[in-house]
Amino acid sequence: MNIHIVTLVLFLIGSTLFAQQKNDSFQTKFVVILVIDGPRFSETYGDSTCRLSPILCDSLRYEGAFYEDFKNNGETYTVPGHAAISTGVYQRISNSGTSLPKNPSLFQYYLRASGENKTDAYIVASKGKLDVLANTENKKWHDQFVATTYCGPNGNGLGYGKDEKTFAKVTELVTSSNAPHIMLINLLAVDVYGHANNWEKYQESITACDVYASNLWQMIQSNPVMKNQTTLFITNDHGRHLDGVRSGFVNHGCRCDGCRHISLLILGPDTPKGLTIQKKGELIDISKTISTILHFDMPTSKGRYLQEAFKP
Ligand SMILES: [Zn+2]
Ligand SMILES: [Zn+2]
């Protein structure tokens, strides 16, 4: 055989093996990010009795990998926190939904790499202003590969809607045989009742989100398309002031540990069960982790791949 043909054959065998190895390295085909807006760590996993989050803190936590030291190291507001998740970059961005993130999002990178229809990346949010997460100011990416959104009471990017309605949309998508491969969900009640200085309703909303999170995981595992192929990230955009800092639980937005210290729980087929991780993690790491497990590049993300939460 001609030496060139031998070389070509070896090259083809090698690249096929490499491609298989790459495709087989993770079982994850779907990713869901659930953002519970603004609970304080002291009322969730930081409470050793797990009083308000009995499912997440005392049961689901042991089904996956939990980060004890997970932070928002940027601006501790809703839009900046969510933009840090979706773009992998901390930036100063209006919290009123009047400007787009500077950098392209993981949804855009995913849609470009996969060639999928824009309904394959979905943002479902109780807060209408989170509609800005689908697009970017970046000239190369502006209006390109824009995810589908259902944000706010009418799904049109305006106002604040009820979590119940948001979750109905989530249910429709997650029980579908055509479920989106990347989805971000925002639930607002915890934050809204915090701002209203309603301690009772704030606590009740944390418990309601505990149930939503559990139902979401059950629905994922009941959908034959998503079952054992979905990684769920349960996190927050920010916490709230510690008691004694400014108005305490009523507000947030500073650098106190109450505002910065949030949570991340990762559940999925590639994540070991019962893992408590002491290593630091932060919001911008979520995008890099998703791009790694779904095999697309995200060069503008400044986060790191949260390798310790995945099977070697
Ligand atoms: Zn808030
Ligand atoms: Zn604070």
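Just so it is clear, the model here is predicted, and its values are computed rather than measured. For ligands, and for the atoms within them, numbers begin at 1 and follow the listed sequence.
Taking the six-membered ring for Trp and thresholds of 30 and 60 degrees, Tyr305 and Phe26 have ring planes more than 60 degrees apart, a perpendicular arrangement. Note on ring orientation: taking the six-membered ring where Trp is involved, the planes of Phe249 and Tyr202 are tilted (angle from 30° to 60°).
For the side chain to side chain donor-acceptor pair (under 3.5 Å) criterion with His252, the lone passing option out of Thr78, Asp191, Thr76, Asn72 is Asp191.
Rounding to 10 degrees gives 100° for the angle at the Zn ion (ligand 1) between OD2 of Asp191 and NE2 of His195. Rounded to 10°, the angle formed at the Zn ion (ligand 2) by His241 ND1 and Cys256 SG is 130°.
Cys57 has its SG atom within less than 2.5 Å of the SG atom of Cys50.
Distance check for His252 against the Zn ion (ligand 1): an N/O/S atom falls below 2.8 Å.
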